[in-house]
Amino acid sequence: MFNLQNSHELHHRINTWYQHHARDLPWRRADCTAWGVMVSEFMLQQTPVNRVLPVWEEWMRRWPTPASLAAEDSAEAVRAWGRLGYPRRAQRLHGAAVAITKHHDGEVPADYDELLELPGVGAYTAAAITVFAFGRRATVIDTNIRRVHARAVMGKALPHKHLNAAETNLAEELMPQNTAVSCVWNASVMELGALVCVAKNPRCEQCPLEDICAWVKEGKPQAEYTPTGQSWHGTDRQLRGAMMAVLRAAHAPVPRELLTDFSTDITVPDALKVPVQDLRKLDSSQEQIDRCYSGLLKDKLAKERKDRVSL
DNA sequence: AACTCGTGGGC
DNA sequence: TGCCCAAGAGT
């Protein structure tokens, strides 16, 4: 394990690397609002930067403040979310905008605990907004940071399956005391994990820590477990994703048949520009279809009458 | 604590 | 090609 007494060496190396290699992302610019940072953090949950960029730009243009989003129906948020995935994030972001408008005078709160109260904001997002939007001192822990810590400090190929107290304690111990330095540190470690210390085929020759990395020192031992893959083909998720595509394209309630009967040819109204090829590839049981249909209603991605569905 | 929730690029 | 995985949150 890396000697924590030398953590200032880590700070200096990684922060210096960041000065030269950080991407110029719009939500990192000085003129980006706290709301802009918040929107980016929601979109970046489990979604790569390159796919977020164009959607974020559109959202900022359309909803420059929490109040402007809160004034819309949540269905518009889900539509504007497009194919980013995990559409409940759009609902939660809309819900957070409503809460900010109602309880925080329309301003994104700067306090960690207040942020945590907002829908869709967990430990990571609350810390990220605290640090990146307000320049306050908080410990940011995401998948990139966990991986860098696991390798450089612990000498492991991957972090534990689930974030635990030991990892959290380590992250807090590694935090620079100085607030301004700590903010750069959080961004730097995350960026290093995103660009260099990546999950597969890490670019160690580009890493500022190569000569002191505990994992490299140990000869890059393999992971102690193999991550369980996320199933997709033939699952409810695939089917629900196809249904969501239909609902996003529709601006009026959709007949149940349009969502559930795609065993043969589907006649889609011209006004409804739907990627039906996604639907036709599916081979789902009626039971599965019903389950997904109910799930959409249950998730309030759809509502009201059960024979017609809308966002 | 373990599962579930979408989507698409990279290898 | 098929599998891996990505700035997590909620239950």
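What's counted below: heavy atoms across the whole structure, side chains too, no hydrogens, waters or symmetry copies. In what follows, every chain begins at residue 1, and chains take the letters A, B, ... in the order their sequences are listed. Every value quoted in this text rests on a predicted model; they were computed, and no experiment measured them.
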For a salt bridge (Lys or Arg N to Asp or Glu O under 4.0 Å) check, start with the C-alpha distance between Glu9(A) and Arg13(A), then their side-chain angles and the critical distance, and finish with the verdict.
CA-CA 6 Å; Glu9(A) 173 76 9; Arg13(A) 290 204 192 195; 2.7 Å; yes
Rounded to the nearest Å, what distance is computed from the [atom1] atom of residue [X] to the [atom2] atom of nucleotide [N]?
X: Arg79(A); N: dG6(B); atom1: CZ; atom2: P; value: 17 Å
X: Met243(A); N: dC5(B); atom1: CE; atom2: P; value: 13 Å
X: Trp232(A); N: dG9(B); atom1: CH2; atom2: P; value: 14 Å
X: Asn164(A); N: dA2(B); atom1: CG; atom2: P; value: 12 Å
X: Leu239(A); N: dC5(B); atom1: CG; atom2: P; value: 11 Å
X: Asp236(A); N: dC3(B); atom1: CG; atom2: P; value: 16 Å

Using only side-chain N and O atoms of Arg248(A), determine if any of them is under 4.0 Å from OP1 or OP2 of dT7(B).
yes
Using the [atom1] atom as the reference point in each nucleotide, state the distance between [N] and [M] in Å, no decimals.
N: dG9(B); M: dA9(C); atom1: P; value: 25 Å
N: dT1(C); M: dG8(B); atom1: C1'; value: 15 Å
N: dT4(B); M: dA7(C); atom1: P; value: 23 Å

Using links of under 4.5 Å between side-chain heavy atoms of ILVMFWY residues, direct or through other members, which residues join Leu116(A) in one cluster?
Tyr112(A)
Residue pairs passing the ring pair (Phe, Tyr, Trp, His ring centres under 6.0 Å) test with at least one member in residues 13-49 of chain A, sequence neighbours excluded, are Trp17(A)-His21(A), Trp27(A)-Trp56(A)
Which residue pairs pass the ring pair (Phe, Tyr, Trp, His ring centres under 6.0 Å) test with at least one member in residues 181-232 of chain A, sequence neighbours excluded?
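Applying ring pair (Phe, Tyr, Trp, His ring centres under 6.0 Å) to every pair that reaches into residues 181-232 of chain A, excluding sequence neighbours, yields His11(A)-Trp185(A).
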For nucleotides 4-11 of chain C, 5' to 3', base contacts (B), sugar-phosphate-only contacts (S) and non-contacts (-) with protein non-hydrogen atoms under 4.0 Å give SBBBBSS-
Rounded to the nearest 0.5 Å, how far apart are CG of Leu118(A) and CD1 of Ile100(A)?
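Result: 5.0 Å between the selected atoms.
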I'd like to check the side chain to side chain donor-acceptor pair (under 3.5 Å) partners of Arg146(A); sequence neighbours left out, ordered by chain and number.
Glu167(A)
Taking side chain to side chain contact (heavy atoms under 4.5 Å, CB included) as the test, write out the residues that go with Arg29(A), two or more places apart.
Asp24(A), Pro26(A), Asp31(A)
Sugar-phosphate, base or nothing in reach of Leu84(A), heavy atoms under 4.0 Å:
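Base, at least one base heavy atom under 4.0 Å.
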